[in-house]
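Inspection log for the structure reproduced underneath, given as structure tokens.
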2 protein chains.
Amino acid sequence: METQTVAATSAGFASQHELLRAARHLAGRTIAELVHGLDCELPAEPVRNKGYVGRIVERALGLSASPLSAADFETLGVELKTLPVSVASRPRESTFVCYVALSSLVETPWEASRVAYKLARVLFVPIESEPHLTLAERRVGSAFLWSPTREQSALLQADYAEIAGRAASGELETLDARVGRVLQLRPKAAHGAVRVRASDGEGLPSMAQPRAFYLRAGFTAEVLRAALRED
Amino acid sequence: METQTVAATSAGFASQHELLRAARHLAGRTIAELVHGLDCELPAEPVRNKGYVGRIVERALGLSASPLSAADFETLGVELKTLPVSVASRPRESTFVCYVALSSLVETPWEASRVAYKLARVLFVPIESEPHLTLAERRVGSAFLWSPTREQSALLQADYAEIAGRAASGELETLDARVGRVLQLRPKAAHGAVRVRASDGEGLPSMAQPRAFYLRAGFTAEVLRAALRED
DNA sequence: CAGGATCCACTATTGGATCCCG
DNA sequence: CGGGATCCAATAGTGGATCCTG
């Protein structure tokens, strides 16, 4: 049975290439088909189930809840990201990268940052996600491995520096999601009132909105176009 | 009197450089000040007086209604365009270039087109035009002469070809203002029901909406940035 | 709470319509 | 009707908020 083939590949991958092949094996399948071999429920509607597709693809590729398979991806040095795309292969959303504390931003250069580490190597799995499609109907596209080109890396680093600079000088008023040409900082929490421990400009304890790095849709659009040209 | 200085330069210019100097002489003045030396009325509000600033600047530079001074600009080979800009020097609007008949588009290559001719050399006069400013309060910026760079020319030509191609193949449904990265085609008339004589795909007579070429605001923004870097 | 993400009200952009003059 | 342009309702874009899971 087709879906069992997917399950069979789910144990550890020896290389990034092997992982890519497994991901490409999913191309053309609907989410319903992925779920079929995975013993899990399929919610009817996308809304209120935001991370669902991402988790299904993780599982279809063997990244289960177990620490062991999570370690596979860790060992391979690959970050897995589903990318919701329109029929015209245009990303419909920005891409979450990771949380970050403003204080760590100030201390950490781009090269040593978690965002740079996560973006060093990404397996993008496009998902055709027109709003009118149910989760079940959404279809997996052709996955690809990406690392930033020299130009892209320069853009990311410049945005990081701009964001870190504003954090350092305490210009929190002007440090919103509009900053950054390709990388941006946005609130990320269950709701807007959530606060976490932080330190203010002078290192004194304070409470702050949790924030995370995101890639702008325009940037992943460029990444996707380049990948399509490769094919 | 200062405004007489302006009037004194209004007779024919010997060169583009002389014209540019006269235009730069207007920098920093308000429209009220320009009008002061010109014997004409100043409407209170911008709305319902759309071409007013353009005509005032023309007159301040000696392009009166008389065919003679119009010929000055013609002889110099310069097109005069005011450019409404925000305080951040961002163009607030697209820029009208000229009317065009779809039939002529099909026959005329870029090099021989009126739009290419008009864009070959332009004197842009930025006007600070925040919506809350009355006409009188709007201020003239630093004028500059522009000709398309090689890259800009390639973009313009490619857009022209794209537009002409759709006109040729009769794809009028897809030939709207969205076509063209920097150059676009838009309806231009007193109102949407205006029609002019035209010919259809087979050369048969028909009625069509008058259309004109415009430069997108994003393009003139780039032109303006380059000019500001020069200064 | 970190990580898988998308939602959606609001803002920014702009395509088509329009205004005045000669 | 061509040329000087801007207006503004509708659409596109996105910043901040939010949802579910382990």
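Quantities reported herein were computed from a predicted structural model and do not represent experimental measurements.
In this structure, B:Gly51 reaches the bases: a heavy-atom distance under 4.0 Å links it to at least one base atom across the strands shown. Nucleic acid contact for B:Glu45: none, since no nucleic acid atom lies under 4.0 Å from a heavy atom of the residue. Within the nucleic acid shown, B:Pro210 has no heavy atom closer than 4.0 Å to any nucleic acid atom. B:Arg55 comes within 4.0 angstrom of a base, heavy atoms only. Using a 4.0 Å heavy-atom distance criterion, A:Lys81 is classed as a sugar-phosphate-only contact.
As a whole-Å value, the separation of A:Arg92 CZ from C:dC7 P is 9 Å. When rounded to the nearest whole Å, the span between CD of A:Glu79 and P of C:dA5 equals 8 Å. Atoms CG (B:Asp159) and P (C:dG15) sit 12 Å apart, rounded to a whole Å. If you measure from atom OH of A:Tyr214 to atom P of C:dC7, you get 13 Å, rounded to the nearest angstrom. Rounded to a whole Å, the OH atom of B:Tyr52 is 14 Å from the P atom of D:dA5. If you take CG of B:Leu80 and P of D:dG4, they are 8 Å apart, rounded to a whole angstrom. Distance CG (B:Leu42) to P (C:dC21): 13 Å, rounded to an integer number of Å. Between A:Phe213 atom CZ and C:dG3 atom P the separation is 13 Å, expressed in whole Å.
Judged by distance alone, the side chain of A:Thr108 and the main-chain N or O of A:Ala112 form no donor-acceptor pair under 3.5 Å.
Out of D:dC20, D:dG15, D:dG3, the shortest distance to the side chain of A:Arg178 is found at D:dG15. Comparing C:dA5, D:dT18, C:dA17 against the side chain of B:Pro187 picks out C:dA17 as the nearest. Of all nucleotides listed (C:dC19, C:dC8, D:dG3), C:dC8 comes nearest to the side chain of A:Glu93. For A:Ala189, the listed nucleotide lying nearest its side chain is D:dT18; candidates were D:dT18, C:dG16, D:dG4.
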Would A:Arg186 and A:Gln184 satisfy side-chain hydrogen bond (donor to acceptor under 3.5 Å, both in side chains), going step by step from the backbone distance to the final call? CA-CA 7 Å; A:Arg186 302 228 299 270; A:Gln184 63 179 170; 2.6 Å; yes
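At the phosphate of C:dG3, OP1 or OP2 sits under 4.0 Å from a side-chain N or O atom of A:Arg114. Close to C:dG15, at under 4.0 Å from its OP1 or OP2, lies no side-chain N or O of B:Arg186. For the OP1/OP2 pair of D:dG4 and a distance below 4.0 Å, the side-chain nitrogens and oxygens of B:Thr82 include no atom meeting the criterion. A close approach under 4.0 Å does occur between a side-chain nitrogen or oxygen of A:Arg216 and OP1 or OP2 of D:dG15. Residue A:Gln184 has no polar side-chain atom (N or O) positioned under 4.0 Å from OP1 or OP2 of D:dG16.
Both A:Asp176 and B:Val53 lie close to DNA chain D; mapped to their nearest nucleotides by heavy-atom distance, the more 5′-ward contact belongs to B:Val53. Residues A:Val97 and A:Val196 both approach DNA chain C. Their nearest nucleotides, taken by heavy-atom distance, put A:Val196 toward the 5′ side. Comparing A:Arg195 and A:Lys188 by the nucleotide of DNA chain C whose heavy atom lies nearest to each, the residue mapping closer to the 5' end is A:Arg195. Along DNA chain D, the nucleotide nearest to B:Thr95 and the one nearest to A:Ala177 differ in position, and the one closer to the 5' end is contacted by B:Thr95.
Looking at heavy atoms from C-beta onward, A:Tyr214 lies out of side-chain contact with A:Cys98 at the 4.5 angstrom threshold.
Going from atom CG of A:Leu185 over to atom CG of A:Asp176 covers 9.5 Å, rounded to the nearest 0.5 Å.
Ion pairing between a basic and an acidic side chain is recognised when a charged N comes within 4.0 Å of a carboxylate O; A:Arg55 and A:Glu58 show no such pairing.
Residues A:Arg92 and A:Ser86 have side chains that never bring a donor and an acceptor to within less than 3.5 angstrom of each other.
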